[in-house]
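Residues take their numbers from the sequence shown, with the count starting at 1.
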Amino acid sequence: MTDPFRVEFVPGVTPDKWLRVWGQRLPDSPLEAAPVEDADALAHLRDGTSSMVLLRLPVDRDGLHVIPLYEEVPVVVVAKEHVIAAFDEVDVADLAEEVLMQDPALVPEWTAVATPEIRDRARAMPPMTTKQAVSVVATGSGIVVVPMSVARLHHRKDVVHRPVTGVAPSRVGLAWRVDDDDPRIEDFIGIVRGRTERSTRGGPSDAASPSGSDGPTEQRGHAKPAKTSKTAKSSATSRAHGASRRAQQTGRKGAARGGGPKRKGRR
């Protein structure tokens, strides 16, 4: 019997859609999906615990293929009564006096603006998981800067999160070992990249980047401009033609007294 294909994913990443497609497309090929902590994701991939992993970039790419998938908006998590909770968005410079409840190396933009005293206090904090750090934040003792999906994962009634400008977006990618030739890897890549069942498979050379640039990524959380419908376009055209006919008639009869129509001001 073939061993189940194992895919792991770090906190905040939700592969449910891809797993459903796998089940529909490959019902006879078992797949195991399991969460993994960020710190353990690469180790599990390299020692064979998992065949593929959905993780946050950048990572050490030695011996790995990596496909960048999408970016996430960074947010700051604060206590519900914190002054930042009154704003819709804050800049990282506004956090210069706030103690970071996580490794400052994870948020270099905060380190660049924080005062020396605040940086020292942040470095003195004991190592904590994100869940533990959010618990401390709830007391009003500091802040945490994480991807929006992670903030939602650890949401509590006594904290809120707000988007932060000036901090690089978090990038999520799919990684696997260069020396792993399991054909199911290409099946999963095809599903993640939206290929149909009849699509021609692409090789690792055109699907992944073992080093160098990460290539294009999808941006999540950004609205796209709405497209004008055909009905709206037709209606606009009809109105334009009607206006043209009325203008021609007015020209034949002579201009109305008192000049053209006056523009109404806003009330």
*When rounded to the nearest 0.5 angstrom, what distance separates CG in Leu55 from CG in Asp38?*
8.0 Å
*With Leu174 as reference, evaluate His65, Met52, Arg193 under the side-chain contact (heavy atoms from CB on, under 4.5 Å) test and give the passing residue.*
Met52
_Glu8 and Arg6 ion-paired at < 4.0 Å_ = yes
*Does CZ belonging to Arg25 count more than 12 external heavy atoms closer than 6.0 Å?*
yes
*Going from CZ on Arg56 to OG on Ser149, what distance comes out if it is rounded to the nearest 0.5 angstrom?*
4.5 Å
*Could you pull out the closest heavy-atom pair between Pro127 and Gln132, with the gap in Å?*
O-OE1, 4.5 Å
*Are Leu54 and Val21 linked, directly or through other ILVMFWY residues, by side chains that come within less than 4.5 angstrom of each other?*
yes
_Val76 vs Val144 side-chain heavy atoms within contact, under 4.5 Å_ = no
*For Val75 and Ala151, which heavy atoms make the closest approach, and how far apart are they?*
CG2-CB, 3.6 Å
*Mind checking the OG-CZ spacing from Ser51 to Phe188? Nearest 0.5 Å is all I need.*
10.5 Å
*Salt-bridged, Arg195 to Glu186, with N to O below 4.0 Å?*
yes
*Going hydrophobic residue to hydrophobic residue with side-chain gaps under 4.5 angstrom, can you get from Leu69 over to Val10?*
yes
*Is it true that Leu153 and Met101 fall in one hydrophobic cluster, defined by side-chain heavy atoms closer than 4.5 Å?*
no
*Which distance, rounded to the nearest 0.5 Å, do you find between the CD1 of Ile118 and the CG of Leu100?*
10.5 Å
_From CZ (Phe9) to CG (Asp16), nearest 0.5 Å_ = 7.0 Å
*Could you tell me the separation between the CZ atom of Arg162 and the NE2 atom of His82, rounded to the nearest 0.5 Å?*
12.0 Å
*Would Arg184 and Asp187 pass as an ion pair if we require N to O under 4.0 Å?*
no
*Evaluate the side chain to side chain contact (heavy atoms under 4.5 Å, CB included) criterion for residues His161 and Ile143: first the C-alpha distance (whole Å), next the side-chain angles of each, then the deciding distance (0.1 Å), finally the verdict.*
CA-CA 10 Å; His161 61 268; Ile143 63 170; over 6 Å; no
*Which atoms form the tightest heavy-atom contact between Pro104 and Trp110, and what is the distance?*
CB-CZ3, 4.1 Å
*Kindly give the heavy-atom pair with the smallest separation between Ala93 and Val113, and that separation in Å.*
CA-CG2, 4.2 Å
*asked:* Around atom CD of Glu81, are there more than 12 heavy atoms from other residues, nucleotides or ligands closer than 6.0 Å?
replied: no
_Shortest non-hydrogen contact between Asp60 and Leu42, atoms and distance_ = N-CD1, 4.1 Å
_Path from Val136 to Val146 over hydrophobic side-chain contacts below 4.5 Å_ = yes
*asked:* Working note: Glu32 + Val7, criterion side chain to side chain contact (heavy atoms under 4.5 Å, CB included); need CA distance, chi angles, decisive distance, verdict.
replied: CA-CA 6 Å; Glu32 287 183 356; Val7 176; over 6 Å; no
